[in-house]
Amino acid sequence: MKQETIDRIRAFTEDRDWGQFHSPANLAKSISIEANELLECFQWSDEDYDLEHVKEELADVIVYCQDMLDKLGLDEDEIVNAKMAKNEEKYPVEKARGSAAKYDKL
C-alpha cells in the first residue's frame with residue numbers, strides 16, 4: 001500500500017481517538033465481520049454482483065488490516081513474504097500446479 005494511503009488511514013483513526021478501541025481482538029473481530037460483508041456480496045451469485053459494493057467491503061477489510069499491523073507493530077511486506085516462503089514450501093509448483101488440493105493431499 002502506498003505510504004500516503006497508510007498515513008490517511010492512521011490520521012482517520014487518530015483524529016477520532018479510536019485507537020483506544022483497537023485491541024488486537026477487536027480488530028480481528030472487525031476484519032472477520034467486514035470479510036463476511038464482502039462474502040455477502042456473492043451470497044446468491046458468483047457472477048452477478050455489485051462491483052462498487054465489493055470494492056467498499058474489500059477496502060474495509062484492508063483498512064482494519066492496516067490498523068492491526070499498526071497496533072501490533074508489524075511490517076506488511078515482512079509478514080507477507082514470510083508467509084509466502086512457507087506457502088512455497090508447502091505447495092511446490094511441481095506438485096501443486098493446477099490442483100486445488102490441500103498441501104497434505106498433494
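All values below were derived from every heavy atom in this structure, side-chain atoms included, with hydrogens, water molecules and symmetry-related copies excluded.
The other residues sharing a hydrophobic cluster with I62 are M1, I6, I9, L38, F42, Y49, L51, V54, L58, V63, where clustering joins ILVMFWY side chains under 4.5 Å apart. Using a 4.5 Å cut-off between side-chain heavy atoms of Ile, Leu, Val, Met, Phe, Trp and Tyr, F21 falls into a hydrophobic cluster with F12, W18.
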Validation: residues 71-82 side-chain donor-acceptor distances under 3.5 Å, sequence neighbours left out:
from : atom 1 : to  : atom 2 : distance (Å)
K71  : NZ     : G19 : O      : 3.3
D75  : OD2    : D77 : N      : 3.2
D75  : OD2    : E78 : N      : 2.8
N81  : ND2    : D77 : O      : 2.9

Donor-acceptor list for residues 89-97 side chains, cut-off 3.5 Å, not counting sequence neighbours:
from : atom 1 : to   : atom 2 : distance (Å)
Y91  : OH     : Y103 : N      : 3.3

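The side-chain hydrogen bond (donor to acceptor under 3.5 Å, both in side chains) check on H22 picks up nothing, with sequence neighbours excluded. In terms of the side-chain hydrogen bond (donor to acceptor under 3.5 Å, both in side chains) criterion, residue partners of R10 (sequence neighbours excluded) are, by chain and number, D70. With sequence neighbours left out, the side chain to side chain contact (heavy atoms under 4.5 Å, CB included) criterion links S23 to A25, N26. Partners of D7 by side-chain hydrogen bond (donor to acceptor under 3.5 Å, both in side chains), not counting sequence neighbours, listed by chain and number: Q3. Remark: E88 pairs with M84 by the side chain to side chain contact (heavy atoms under 4.5 Å, CB included) rule, at least two apart or across chains. In this structure, the side chain to side chain contact (heavy atoms under 4.5 Å, CB included) partners of A101, at least two apart in sequence or on a different chain, are S99, K105, L106. Considering only residues two or more places apart in sequence or on other chains, E14 meets the salt bridge (Lys or Arg N to Asp or Glu O under 4.0 Å) condition with none of them.
Within the structure, every pair that satisfies the salt bridge (charged side-chain N to carboxylate O under 4.0 Å, His left out) test and touches residues 24-53, not counting sequence neighbours, is listed here: E52-K55.
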